[in-house]
Amino acid sequence: MALVLDILSWISILIGAAFCLIGGIGLLRLPDVFSRMHAAGIVDTVGVVFIVLGLLLQAGWSMAAIKLLLIVFFVLYTSPVSTHALAQAAVSVGARPWVVDEDDEPTEKGDESSKT
Amino acid sequence: MLHALSLGLVLGVLWLLLSGYFVPLILALGLASVVLVVFIAHRMDVIDHEGQPVHLSWRIFPYWLWLLKEIFVSAVHVSRVILQPRMPIRPRMLNLKATQHTELGHVIYANSITLTPGTVTVELDDDNLAVHALTKETAEGLESGDMDRWVAAVEWETQLDQLIAARRAELKKDE
Amino acid sequence: MFVAAAIAVLVTMLLALILAIKGPTVYDRILAVNTFGTLTVLLIAVLGFLSGRPAFLDIGLVYALINFITTIAIMKFFKYSRLGRHSGEDLGGL
């Protein structure tokens, strides 16, 4: 039983770590601030949830589990608020997202970042 | 009053969980700090239905589960888009109309959109949302209106609960 | 296994740091710092388990809250150039 729990928690931690890395790669690859927010969103939600889930399985029923749940709760509650505030602040100073209208034309990875 | 009690209860439970001491002196100090915080919050006039949404219906819990599933699905989608060498992103802005009736419903909807990877709420003005979507699929997922209906259902149940409670109170008064 | 998670989180922190340094606009940098903070919370939690000291989680909890307030405060500062009130508003409003 303990072994099953261990394996489950390792899988969960590995998934979370992979999502964190993907989010980090996305932060650097995506072209402008608005699309980078999506990559940050991966780290903030799935990365945190899976890594903490893995730690939770290691912790068992203890104080540590409660604190881990509180960490997930706070991160999931605060991250959309700060992301939205960031997007709104960027728009309010005149930054416009880089938008592709055509659905079929392949996207060039142009570094057409929004202006400040 | 209900909101103040709920705030005090939340703070008290949080304090007990985080401290882990059950000595009378420490407990008294904890109680004093809870009372102080509730008093300060009362003076700041921030104890209301927005800070303490005690009236939200139980439907919020199945919604959270559904939202977690949705977050996972779109995170996998966005990850695959990011990892492809050509990176087929189609960023676009959407204008959505929220069908909820209360401000709390709008905020829950907007924050759920932001929480889902692939879509970010850029502006929220009354019931008009400006949303930035990373790809065609995430935009279509949002336009299908599933999330909107879920939040509206949670809100509707909430209003129903309130109506029932009000009616019960009325009946009790009549007796 | 904790070591692998800690290394993955550290590498991601490095990527976020690169964005914070090279990011063309100030908003890229704020986003990078926000992500960096979230990853720090994760790193603290993982390190707590790695060294077998659950007290680390309290620090992580506080860090998660401070990270949020930091982001909001920086944003407000860049948007209004002051922390106390909105530009053009009377004193007394938030």
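Chain letters run A, B, ... following the sequence lines, proteins first, then strands; residues in each count from 1. Worth knowing before you read on, the calculation uses all heavy atoms, side chains too, and leaves out hydrogens, waters and symmetry mates. Owing to the predicted nature of the structure, the values given are computational and were not obtained by experimental measurement.
The two atoms that bring Ser79(B) and Phe19(A) nearest to each other are OG-CE2, 3.2 Å, heavy atoms only. When every heavy atom of Leu115(B) is checked against every heavy atom of Ser79(A), the shortest pair comes out as CD1-OG, 3.8 Å. Between Ile82(B) and Ala39(A) the shortest heavy-atom distance is CD1-CB, 4.2 Å.
Glu123(B) contributes atom CD, which lies 5.5 Å from atom CD of Gln88(A) (distance to the nearest 0.5 angstrom). Here CG of Leu134(B) is found 6.0 Å from CG of Leu30(A). Values are rounded to the nearest 0.5 Å. Summarising the geometry, atom CG belonging to Leu21(A) is positioned 10.0 Å from atom CG belonging to Leu83(B); distances are rounded to the nearest 0.5 Å. Rounding to the nearest 0.5 Å gives a distance of 11.0 Å between CG of Asn111(B) and CG of Leu76(A).
Using a 4.5 Å heavy-atom threshold, the side chains of Phe34(A) and Pro91(B) count as separate.
For a residue to count as touching a neighbouring chain, one of its non-hydrogen atoms must lie under 4.5 Å from one of that chain's; by this rule Leu14(B) touches chain A with the side chain only. Both the backbone and the side chain of Ile22(A) come within less than 4.5 Å of a heavy atom of chain B. For chain A, the nearby part of Thr119(B) is the backbone; its heavy atoms alone come within less than 4.5 Å. Residue Ser35(A) touches chain B through both its backbone and its side chain, counting heavy-atom pairs closer than 4.5 Å. For Ala133(B), the part sitting under 4.5 Å from any heavy atom of chain A is the backbone (N, CA, C, O) and nothing else. Residue Val81(B) does not touch chain A at all, counting heavy-atom pairs closer than 4.5 Å.
Although no hydrogens or angles enter the test, the distance criterion places a donor-acceptor pair under 3.5 Å between the side chain of His84(A) and the main chain of Thr121(B).
Each of Leu17(B), Thr116(B), Val78(B) has some count of heavy-atom pairs under 4.5 Å with chain A, and the biggest count is that of Leu17(B). If you tally non-hydrogen atom pairs under 4.5 Å between each of Thr138(B), Ile113(B), Thr114(B) and chain A, the highest count goes to Thr114(B).
Annotation: Glu103(B), atom CD; neighbour count of heavy atoms from other residues, nucleotides and ligands within 6.0 Å does not exceed 12. Applying the 6.0 Å contact sphere to NZ of Lys69(B) captures more than 12 heavy atoms from other residues, nucleotides or ligands.
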Pair Leu18(B), Leu70(A) - check side-chain contact (heavy atoms from CB on, under 4.5 Å), show working. CA-CA 10 Å; Leu18(B) 290 182; Leu70(A) 277 176; 4.1 Å; yes

Given side-chain contact (heavy atoms from CB on, under 4.5 Å), test Ile71(B) with Val49(A) step by step and report yes or no. CA-CA 10 Å; Ile71(B) 286 171; Val49(A) 167; over 6 Å; no

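Taking the six-membered ring where the residue is Trp, Phe72(B) and Phe50(A) present tilted rings, their angle falling between 30° and 60°. Using bins of under 30°, 30° to 60° and over 60° for the plane-to-plane angle, the ring pair His132(B)/His38(A) lands in the parallel bin.
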